[in-house]
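Just so we're on the same page: letters track the sequence lines, and every chain starts at 1.
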Amino acid sequence: MNIGLSFKGDVAIMKIDGIINSENAHLFQERLSEVYNSDAKTLELDLFECRNISSTGIGKLLLFYKDFIGRNGEIEVVRSSNSVYELFSMLKLNQLFTVNLG
Amino acid sequence: MDKINLLIVDDSISILSSLSKILELSGYEVDIAHNGSEALRKLQNKTFDLVICDIEMPGITGLDFLKKVRDNYGDSIDVILMTGYLDQDYFIKAIRLGASDFIQKPIDANNIIRAIESTIQRKKEHNNVREFYRHLDKTDLTIIINPAHFSKYSISKVFAQSLQSNFKLPPDLLNEILICIDEMVYNAFIHGTLKLKPSERFLSRQGFQDLLTDKLTDPQIANRRIRFSFVIDAVNGMLEMEVEDDGDGFEHELWLKGLEDNPGREVLEYGRGISLLFHLSDSMKFSKQGRCLRIKKDISGYLTDAIFPS
């Protein structure tokens with residue numbers, strides 16, 4: 001699993017490829033913490049090459065979501081793979097933030 | 001015997017066109033990708049026997065592509081690299097990353113066919129193990145995990161390597177299986193074995209390691225075990241996975257009913273792992289007061305050439 005993170009103004013752009021599972025979810029948490037500790041107001045997540053996310057990874061994202069919206073931040077999944085889109089829909093995460101398919 | 005599936009990756013349309021014509025005339029089934037990103041997408045959706053990839057491409061280079069293939073698929077996909085020049089550094093990097101062979105540009109038809117044939121031959125020799133599994137009615141792997149050693153190894157990687165070596169699983173199915181294994185074993189570890197509170201699950205990595213060390217000094221926890229079994233029932237076209245821990249279990253009947261009524265409920269609070277398993281499996285059954293979970297997945301649609309290739 002690889003995570004790319006860059007900033008453009010107050011937008012953080014995170015691109016993930018591979019699978020987020022219980023063994024590497026802490027890396028995802030660390031990159032999310034970087035976003036939280038930055039001046040970013042929006043997190044754009046590119047999950048097009050992310051093939052799946054385990055519940056531990058979802059947990060890290062939700063924990064970040066709670067903190068980030070607490071300081072008026074916004075999350076958008078700008079692209080997602082079929083499996084991630086299906087997963088986010090099933091878990092109703094698309095009711096919390098915009099989730100776009102590939 | 002099925003045709004050998006090749007994927008050619010090059011940013012040059014003329015090379016893609018001429019090479020695919022040569023290889024199709026030689027009896028191969030050929031698909032093309034114009035860059036590394038497109039090739040990675042194609043690998044997610046279809047199983048290829050071999051990829052032939054240019055090294056010098058804009059965006060994802062051949063070496064980047066090879067690294068991503070190794071990260072995502074282990075050694076299960078052979079990659080032959082094409083290059084206009086064989087720079088020593090590139091060559092060494094590519095060898096380290098596990099390139100199967102190199103083809104010098106401009107491409108000579110006989111050379112590339114020889115490289116493909118010898119790579120496929122090596123793959124076939126390796127695949128003798130797959131032939132063995134192909135003729136089994138049932139494959140059953142059961143492991144018993146000592147929690148003291150759980151975090152030293154990656155269960156997903158162990159199973160990914162084993163499944164990729166012994167079976168030819170379509171990428172989507174393999175991903176789903178690996179996520180199921182991760183969910184089942186990890187939940188048995190943090191809930192059934194360690195009995196972690198929600199707040200303890202979101203500690204930093206170091207904080208979690210410290211907590212783990214502390215918990216494992218308690219003999220009651222250290223003596224617990226996680227039993228996991230993975231069964232491919234080829235006769236009935238079913239994949240079965242079962243996990244059992246030595247914890248206290250939980251109110252599984254109530255939970256399962258709520259889950260069936262509303263699969264995405266209370267996603268912000270707890271139960272995401274079970275929701276995910278419910279979503280990815282065809283049947284889910286708890287026993288032993290919730291300490292034991294068995295899921296089944298119908299794989300009858302994959303049981304011919306996909307999993308057990310001829």
Side-chain angles (χ1 to χ4, degrees), chain A residues 1-4 15-34 36 46-67 69 79-97 99 101-102, chain B residues 36-37 40-41 43-45 60 64 67-68 71-73 150-151 153-157 160 171-172 174-187 189-190 198-199 201-209 262-280:
Chain A
M1 194 262 301
N2 292 305
I3 304 177
K15 189 171 186 293
I16 299 171
D17 65 64
I19 296 178
I20 303 178
N21 58 26
S22 61
E23 289 141 16
N24 59 28
H26 67 279
L27 298 172
F28 183 40
Q29 184 179 20
E30 284 164 14
R31 301 319 292 267
L32 289 171
S33 296
E34 280 182 50
Y36 183 78
D46 184 344
L47 301 175
F48 188 62
E49 289 184 17
C50 178
R51 287 175 288 131
N52 231 320
I53 305 179
S54 76
S55 63
T56 316
I58 300 282
K60 306 292 186 197
L61 181 60
L62 288 173
L63 197 70
F64 169 80
Y65 169 80
K66 280 182 182 175
D67 293 339
I69 57 161
R79 295 198 305 167
S80 59
S81 60
N82 286 338
S83 49
V84 169
Y85 183 80
E86 208 179 303
L87 173 71
F88 278 21
S89 304
M90 190 275 296
L91 293 175
K92 297 183 180 172
L93 297 185
N94 53 1
Q95 293 179 7
L96 302 178
F97 42 79
V99 180
L101 177 65
Chain B
S37 300
L40 288 168
R41 282 197 296 279
L43 288 179
Q44 279 184 32
N45 299 319
I60 296 177
D64 296 337
K67 185 172 184 318
K68 281 175 189 278
D71 287 347
N72 295 339
Y73 303 100
F150 182 85
S151 59
Y153 307 101
S154 162
I155 296 290
S156 291
K157 276 189 187 155
D172 284 351
L174 178 65
N175 287 340
E176 287 185 7
I177 293 171
L178 293 178
I179 285 286
C180 288
I181 294 171
D182 185 67
E183 290 297 340
M184 293 174 85
V185 178
Y186 192 68
N187 274 301
F189 180 59
I190 61 165
S199 59
R201 279 182 263 144
F202 294 107
L203 291 169
S204 66
R205 186 159 175 75
Q206 190 52 51
F208 185 77
Q209 285 300 329
N262 184 1
R265 70 176 192 160
E266 299 179 72
V267 68
L268 285 168
E269 300 305 324
Y270 58 93
R272 286 182 295 273
I274 300 175
S275 295
L276 220 147
L277 287 169
F278 184 78
H279 169 68
L280 293 175

**Per-residue contact mode, B/Asn175 against chain A (heavy atom under 4.5 angstrom)** = both

**Message:** Is B/Ile190 in contact with chain A via its backbone, its side chain, both, or neither, using a 4.5 Å heavy-atom distance?
**Reply:** neither

**Prompt:** Pick from A/Gly59, A/Ser81, A/Ser83: which one has the most heavy-atom pairs with chain B under 4.5 Å?
**Reply:** A/Gly59

**Asked** For A/Asn52, does its backbone N or O pair with a side-chain atom of B/Glu176 as donor and acceptor, under 3.5 Å?
**Response** no

**Item:** B/Glu183 side-chain N/O to A/Ser55 backbone N/O, donor-acceptor pair under 3.5 Å
**Value:** yes

Nearest heavy atoms of [X] and [Y], plus distance in Å:
{"X": "A/Glu23", "Y": "B/Ser156", "value": "OE2-N, 3.5 Å"}
{"X": "B/Arg41", "Y": "A/Phe48", "value": "CD-CE2, 2.8 Å"}
{"X": "B/Gln44", "Y": "A/Glu49", "value": "NE2-CA, 4.1 Å"}

What's the spacing between [X] [atom1] and [Y] [atom2] if we round to 0.5 Å?
{"X": "B/Lys67", "Y": "A/Asn2", "atom1": "NZ", "atom2": "CG", "result": "5.5 Å"}
{"X": "A/Ser54", "Y": "B/Ile181", "atom1": "OG", "atom2": "CD1", "result": "13.0 Å"}
{"X": "B/Asp182", "Y": "A/Asn24", "atom1": "CG", "atom2": "CG", "result": "8.5 Å"}
{"X": "A/Ile19", "Y": "B/Leu178", "atom1": "CD1", "atom2": "CG", "result": "5.5 Å"}
{"X": "A/Met90", "Y": "B/Leu276", "atom1": "CE", "atom2": "CG", "result": "5.0 Å"}
{"X": "A/Leu87", "Y": "B/Ile179", "atom1": "CG", "atom2": "CD1", "result": "8.0 Å"}

**Request:** Counting only heavy atoms closer than 4.5 Å, note whether A/Ile53 contacts chain B via side chain, backbone, both or neither.
**Result:** backbone

**Message:** Contact between B/Ser275 and A/Leu91 at the side-chain level, heavy atoms closer than 4.5 Å - yes or no?
**Reply:** yes

